[in-house]
Structures are given as C-alpha cells and as structure tokens.
Amino acid sequence: MTFIIKNLPILIVITPLMFSLIVAVLSNNRLAWILSTFASFLTMIFSILLCFELSNNSNISYYLGNWPPPLGIEYVIDKVSIIPIIIVSVIGFIATLYAHNFFILEIDRNLVSKTYSLWLLTIAGLMGLITTADAFNLFVFLEISSLSAVALVALGSKMDRKALIAGYNYLILGAVGATFYVIGVGLLYGVTGTLNMSDLAQKIPALGLNKSVIVAFTFMMLGIMVKAAVFPLHIWLPNAYAYAPSPVSVLLAATATKVSIYILVRISYTIFGPSYEIYTFESLRYVLLYLAILAMFAGTIMAIFEKDVKKLLAHSSVAQIGYIVLGISLATSPGIASGFIHLINHALIKAGLFMSVVAMGYYTLKRIDVNSITGLGRQVPITFFAFVICALSLAGLPLTVGFISKLYLIKAAFMSEGIWLPFLILVSSALSLIYIWKLIEGLWYNKTNSKSEKIKELPEIYIPLLIISFLNIYFGIDADLIIDNSFIASDALISGIK
Amino acid sequence: MIDQIFGVWNYWIVFILMMIGLYIVISKKSLLKKIVGLALFQTSVFLLYITFGKIAGGTAPILTDNVNEIYSNPLPHVLILTAIVVGVATTALGLALTVRINKAYGSINENEISASDLVEYHKKYHEVKK
Amino acid sequence: MANEFYIYLSILTPLIAFFITPLLSSNPNLRDSLGPIGGIITFYSSLNIASLYLNGEILSYTFFQINETLSISFKITGLGVIFGLVASGLWILASIYTIGYMRGNKEKNQTRFFTFYSIAIFAAICIAYSGNLLTLFIFYEILTFSTYPLVAHKQNNAAKQAGRIYMGILVGTSIVFLLPAIIIVWVLTGSLDFAPNGVLKGNISNEYVPFLLALFAFGIGKAALMPFHKWLPAAMVAPTPVSALLHAVAVVKAGVFSMLVVITYVFGIDFLTETSGAVWLIWVSSITLLISSCIALTKDDLKARLAYSTISQLSYIVLGGAIATNIAVQGAAIHIVMHAVGKITLFFAAGSIYVATHLSKISDLNGMGKSMPLTFIAFFIGSLSIIGVPPMGGSWSKFYLMLGSVEKDYLLVIYILAISTLLNVYYLLEIPAKAFFQPKRTNIQVTKHPLIVYPTFFAAMLTIVLFIYIEPLKHITNLISGNQ
C-alpha cells in the first residue's frame, strides 16, 4: 500500500498507458471495454487517493526514475493540478462506462478494441500533461494526447466521412500548435539551460528584460491557445467534436480543452508568474481578455445559427472557453478562481449535454439536428430530462453549477474591470439562451404530422447521464467544495506573481 | 551588420526552413503537401535545438580521461530524439488519414473535397424535401 | 423550533404536491384534490406565520449555507407575510376553479399541468419567505421556468411564439439586469441579506443609487414596467386558470413583491428619500400606468384587456414603492392583496365565460348577462374593486397611495391616479354594461360548470370582505417599513 501511495503521481499516468497496450491486442470487444473501464476506474481511485494525500501536504513531488530535477523529469501534484486531475479521471471513468454501446454501433467491429487503446492513451496523455513539471515532457504528452485524439476523431468516418477531414485539420493545427510550443521551450532552454518549470520560474527573472524570453512566452502561449481552442484559434474544434464518434465527443469536450487551459494557466502563472512585472504581462493579459470576449460572442452567435446539434454544442464550447479564459485573464485571485470554477462546472455541463445528445442520436439512429429533434422529448423522457437540466445549467439557471460559475465570474469581473465587463458577459449569456431554448423548445413540442411510438431507453446509457445531471445540480447547491478548492488553487498561483 | 546576418547563419537556416514549412501548411491545397510542409516545419525546430546544444569544436559527450575535453550539450540532442519520434508519428498519422480521405472522397485536394461535401449536402437536402 | 415548523409546512406542501401529482395521473379525482388540500394546509400555516409575525416573533430558517456570505435561507418579513397569504389563499380558490376549468374545457395533459402548477406555487411561496437576495433570485428564476410549460400548455405555434416572448423577456431581463444588480450589492455590502432599513446606506455613493435601482427595476421583468411588459399579454395564450393564478397573483405579484422588497429591505425607504434615487421610477411607473390603461381600451380580446389592466395596476404598486414613504409602501403592499383578489375575480369570470360559451371577444358578449348572471355580477364587483370604489377592498390601497403622494407633494401623481381611475372605469365597466344592457345577438349555447361559477362568485365576495376586515392587513403593513 505504501508503495502505491508513494508512486501515485506516476500511477495515474501509467495505469491507462499500460492498459492501452494490453487492450490493443485483445480481439474481444466486450473484454476490451471491461478492461478499459477497469483502467479508468483505477485511475479515478488513484486520483482520489492523491486528493487525500494532498490534504496533508501542500504538494507532492515525484522524481521519475529517481533522477532529481532539474536534469530529471519531475512530476508535481499540487492544489492546482489536482483540479484537472479529478475532472479528467472522473469524467474519463463515466465516459468509458458510457462508451461501449456507441463504439459498437459507430465503429467497425474489428476496430473497437483498438479504439479503446487509443481512448486510454488519450486519458494517459491528458493525465501526463497535468502532472508533469517538465516543459519538454509536457510537449511529449501534448502529442500523445492529441495524436490519439486525432485518430479517435477520424474513427467517426464510418458514420460520416467528414470526420476524416475534421481529424486531419485537428492534426495539422494541433501539430503546428505543439511545434510552436516546442520552439518556445527551446528558446527558454537556450537562455536558462533548464526545462523544469519551477527552475525556469526562478531563473527567468534574473535575466532581466530579455527578448528571447518574450518570444518564447509568445510562442508557448500561442501553441497552447491552439490546443485550448481560444478564439480565433478554435477552428479545428467544431468539426472535430461534431464528427467524432459520440463517446469521443463527450471525452474531448469535457476534458481536452480544459487540460489545455490548465497548461495555459501553468505557463502564464507558474513559469512566467515571477517575471510578471519585468515583462509587463499586465498589458499582455488584455490580449487574452479581448480574445475571450470575442470568443464569448463569436461562439454564441455561431451556435445560434448552427443546425447540427453536436456542432452547436461545440460552438457553445468555444464561447464557454471564452468565459474560462476571461476569468483567468483577470489575473486576480477571484478571477482565476472563477476561471477554475467554470473549468470544473463546464466539464460537467458539456459532458452531460453531449451525453444526452448522442444518446438521442443512438436511439433514433439519426444525426441529431434542430429539425430532427422535434417532439423527441416525449419519446425519450429520461434523456430529455437530463438534457434540460444540463442545458439550463449551461444557461446559468440558479441551483445548477452554471449559476455558481456565472456568479463568481461576474463578481470577479466587476471587481477588477467595473460594470462594462459583467454587462458583456451577461449579454452573451442571455444570447446563449436563444440556442438553448431552440433545442429545449424543439424537443418539447409535438411533432405536427406523424405520431411516433415511445423508444425504450437503455439503463446503461441513462444511468451515467443521470449521474452527471445529478452532479450538475448537487454542485450547484453544495458548491462549497468547488469554490474553496478553486480559491486555494488561484491563491497558490497568484502568490507567484511579484 | 554582416556579422549579424552571417555570424548566426545557422539560425537563419532554421528561420527560413520554418517559414517555408509554415507557408506550405497554410497555402497548399493538397493534403499531402501540407504534411510535407509540416514535417519541414518540425525539422526546422529540431535544427534549432541542435544549434543550441552544439559547442564549436566540441566532441560527442562521451566520458574520456581528458577532464578538459570540450563536448556538446547532450540534452538537446536527446530531446530532439524524442521530438523526431513524435514527428514521425505525426507524419505517419497524417499520411494514413490522407490515404483514407483519398478513399472516401477520391481526391486529396481541399477544394475538391469541400465541393464534394457540398454536393452531398445538396443531395440530402433534396431528398428531405421530396 | 415548533414555530419554524410552519415555514417548512408552507414551503413543503406545494413541493410534495409537485412530487405526488405525477404519481396519481391514473386517478384524476385524487390528483385534483391535492390542489385544494395543499392550498388549505399552506394557507393555514401562512396564517400561523402571520399571527406569529404580529406577535413580534421573527422566524428564520437557513436551508443551506453555500459559503460564508451565500446561503439559501428564509426569513419572515412583513411583505413576505402578505404575499404568502395571498399566494396560498388564492391557491385554494384557484385550484378548485382549475379543476372545473380543465374538465369543463377537456384540456389535454392535465397531470403535467397540475404538476407544474404546484411547483409554481412552491416557487411563489419561497419568494415570499426568502431571506436574502440570492434565495429570491433562485426562486424567481424557478418560477419563470416552471410556468413555461403552463403558458405553452397548448403546444401549438401560437403558444410557441408566446412562450418565446415570455421566456425571452423574463429570463433575459433577469440575467442581464437583475443578476448584476444582485452581484453589485454583494460586492458593495459583502452580504445579500435583507435588513429592515436597507443595507446599502453608507456602502454606495449617492449618484449611483438611481442606476442600481434601475438595474433592479428593469431586471425584475415580472413587475412588467414598460418597456419590458410584453410578456404579460403574450402569456395570455395560457389556459385561463394559469392567467388567473399566475398572471394575476403568483408571477406578477412575485415581481412587484420583489420590487418592494428591494426598495424597503435593500435600499431602505429613508435612504431612497435622502438620495432621491427613486424619483425617476415614479415617472416611469406613472407613464407605464397611463399608457397601458390606454392600450387596454383598444383591446377587444377580454384576456388581453385584463392583461393590460394588470400591467397598469402593477405600476400602482411600483409607484407606491417609488414614492418611498411609509404610507405609500403600505398602500402598495395592500394593493398587492386587493389587486390580486380583484383581478383573480375578473380572470375567473373571463375563464368561466370562455368555458360556458367559448367566447373571448368583448364585442361578442352583448346581452350575455342574462344567461350568466352570477358570473357577470362577480365581474362587476371585481371591476369596482380594481377601480377603487368603496365598499370594495381596492379603495383602501388607492387611498393610501394618494395619501403617500400628498405627503411628498407629488400632486401630478395624484392627477395621474385620477385619470387612470377614469380609464379603469371605462375599460372595465364597459364589459358588464354590454352584457346586461345590450340586446343578445345570437343564440349561444351556455354550459355552466358549478366548480367554475362558485369560486368566481366567492372571489368577488372576498373583495367586499377585505374592505371590512382591513385591520389585520393594516397592522401587518404598518410593520413593514422598519417600524418594528
């Protein structure tokens, strides 16, 4: 047991990685699913154990292969990284549990076990991204997660060949982004001679005003902004989410961009936090702020005019990423905390929405668009119920998690920027009601011409869905846990800024 | 001035390669050429790292009896070894996707692919109308 | 502990009804009896809460502490007692009436209807007893969303359009104006709790007071201040019991109730007087009052006319708050009760006419008085109460409002009230006049349902009763504005 406890930081990465190798050689699809579920369950357990470990100490540092940093690779779990770890592992588990029916339907039978292998690889990559404290190791995980995600997206080609194009674009843009990141890391290594994040953070301020560092910062930020789909670098996202196999949409929408945003935070506050004032990043953060505002409106407006529901949700994700980045770009403790709150909450909301929409697609064997959902609510009441809860949560109805995010985001925005920023946020969230309402209304109203019989809903599909909807409400009422941890994380980050 | 241009010629090569690669990725319509561009782009970054690590007159970092031996920094080389592997994986995946796209669409030209999607969309639209 | 029990009882009863109703869909009689029973229990506990409040006991109950400054909590205030009594008392009447209406009209999806009906009442009661702005906001939004299925009950295109206007305005204003207003109060004062004399004094510089009040006034779209009033006429596509209970009592009264709560317990009357931050609101509400009365004149559809009449009557209440004296607020609070009873009478009558004859145009009602005497007499009495003629309850509130404006020397306001009363006379009394004195045009089949006619008549009688037994009401309203 102590062995496990000691090695927890690596176990959360290595478990899905190892299982992905095992799963790849299996020919039995069901067994592959069971093993993947087991792997993601183990990962979740390890993450939760980490949580308990973390309550005793402020951070857990792990030296890979016992090589001490700065030469060796260090894994760090602290109060900040535990948030995305929990998101990825919990959502990952629920999504894996949920995935099987869809994979069987949407992917060639002989490819299903390989799909699970890629699936676990994605989770492993995301976990590695979060835990590593080595800037170059981060690049490797960035590529592991995005290459496997690209392959997963492209697997949607059985249902729609556009998935191939979506995967291709994701690959090209993702690779360019990752290469940008690596250029930045290279430049930083050139001037500091280290790759360890905390080491970098210490050494950069000593350099004074250095052009290489500014260029490095810009490259790294740009690269990660592509991955995080910050407007206007989001163009790969809508198609990738829309045409991927259903469970992949759920997993990616809930976790992939969140992790990238977490890296964005890491770069700007952990690595460059101590040199914040030397380089007057104060003015640079306004770039992020304005991009976030544009994202809020662009994503929402695109969603309003979108007909395909999965794509609509993807556009809405772009807008929601805008909210998160907005909170982070405020560079105040409440601001970053509100970003984290929404990071968590949006993962719950989007996971629920995508799960319910793809479930409707599964039941009706049709691509879900605004016209084909008419009157579907009556045929699939449980799914509809879950959808409504998550949709209202997205709109920010009180007693849901969306409301808590909005409350704190607006408070933070009001405190640091005055009334204009909250006003913009609220206008965009009022606009988002239009597309949410379009969907709810469409589902609720009767089909005018034909009477269709009730569809039998499957428990293995609606139980995970109901869990997610329940969490949407539970954390909307008992929000203390999320709020507190977000504030702890943001205080830890902000304390680095000098 | 001359020194600034030719003294750091290795950085210029990196820069030129990088721009050519990025330009190909952005401008070319052929999906295959994009991948070539991407590979070029990545290679330029490899060169950037190697340039950092290389010390003029340095040898390979192998432990010898001579304590004062000048040797190149091994770390960037190792890093790039990893990056090359990643780059190969990216290229391989890109090529595999291109093959599949060619199968599905009968073309690897971006314009033709979007045209073919448009045709498909209209067909479906008319079917729904009927 | 024992006394707090009444808070649970009044809140939980409609909630339980909400959960049980869908289970009883196979047994309509049992299902429908839940409404009156629930109403009686809730009304009983509201009465007890009222009497405890009069004895000076301040009940409060924290349901959930989100963090140090945020909580979902309930606290009994003077205004809350009044609104709670109105909502629960009229629920009894309305639920009996609803049974008659839904059966008489053979509406579909009755179970869903009753389910959302109870949740709407639940939200209204929670608003009445809410102890801070967060709780108020939460249940305000729940009320909006839970009434949507009621408004769009018919699920046809007209209902869809109306539903969009309804949700668009109510949710839109609450998100864009009300939420930032609440957050501003939160940032400024560090808490969202209500206090008898307001919490803002000393926390906000005077020139921002009108601005913040504007965010509240327009954010509370349910108060139907122009230009955010369109949702109320749109909501008239709903079955009449919904219009009656929700759009004469629960929803709109929740709006004006929230306005009064904000004015008295967040801003504080004295603070508003000091800073004259509410003067603009007097004019906005006066204009709303006059314009909507004029629009009411032009409407031939009975329910549309009543809707515009409601908008104008709501502005009386907002006006009372905006004048910001104790007497005017007292008048506004009394008007919540009086208008609720009066307007529900009128809506009941309108629904009763619709069920009996399927007529909804005023011009078609000529001579109907002889076929439906009780209904039209009730309509007549209700109209008189709205107009403010003694011995109907409505006269008290107008009296207090006028006293308030005299106290502050707002003479123009008195003229406006007078003009609007004249308009009231014209557009309301036209209907019974036509019904009784015009010749009957065609032979129209009249099918009466006893469960509809008697609640209507009873509601009309209630306006007279309230005129006589005004004392307790005066007593409670006296305690509202910090006279404790």
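Naming: A, B, ... by sequence-line order, numbering from 1 per chain.
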| task | Determine, stepwise, if the pair B:Asn73 / A:Tyr189 fulfils side-chain contact (heavy atoms from CB on, under 4.5 Å). | result | CA-CA 12 Å; B:Asn73 184 354; A:Tyr189 179 72; 2.7 Å; yes

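Atom NZ of A:Lys307 has 12 or fewer heavy atoms from other residues, nucleotides or ligands within 6.0 Å. Within a 6.0 Å sphere centred on CE of B:Met18, heavy atoms belonging to other residues, nucleotides or ligands number more than 12. More than 12 heavy atoms of other residues, nucleotides or ligands shown are found within 6.0 angstrom of NZ on A:Lys203. Within a 6.0 Å sphere centred on OH of B:Tyr11, heavy atoms belonging to other residues, nucleotides or ligands number more than 12. At most 12 non-hydrogen atoms from other residues, nucleotides or ligands lie less than 6.0 angstrom from CG of A:Asn66.
Top candidate by heavy-atom pairs under 4.5 Å with chain A, chosen from B:Leu38, B:Val25, B:Thr51, B:Leu22, is B:Leu38. Note on A:Gly167, A:Ala175, A:Ser146: by heavy-atom pairs under 4.5 Å with chain B, the leading option is A:Ala175. Here A:Ile165 is the residue among A:Leu187, A:Leu195, A:Val185, A:Ile165 with the most heavy-atom pairs under 4.5 Å with chain B.
Within residues 95-108 of chain B, the residues having any heavy atom under 4.5 Å from a heavy atom of chain A are, by residue number, B:Leu97, B:Thr98, B:Arg100, B:Ile101, B:Ala104, B:Tyr105. By a heavy-atom distance cut of under 4.5 Å, B:Val86, B:Ala89, B:Thr90, B:Leu93 are the residues of residues 84-93 of chain B near chain A, going up by number.
One N or O on the side chain of B:Tyr49 and one on the backbone of A:Val182 form a donor-acceptor pair closer than 3.5 Å.
A distance of 6.5 Å separates NZ of B:Lys34 from CD1 of A:Ile172, quoted to the nearest 0.5 Å. Put simply, NZ on A:Lys162 and OG on B:Ser114 are 11.5 Å apart, with the number rounded to the nearest 0.5 Å. The line from CZ of A:Phe136 to OG1 of B:Thr82 is 5.5 Å long, rounded to the nearest 0.5 Å. How far CG of B:Leu48 is from OG1 of A:Thr179: 12.0 Å, rounded to the nearest 0.5 Å.
Here the side chains of A:Val191 and B:Phe52 are not in contact, with every heavy-atom distance at 4.5 Å or above. Annotation: side chain of A:Tyr168 is not in contact with side chain of B:Ile113 (no heavy-atom distance under 4.5 Å).
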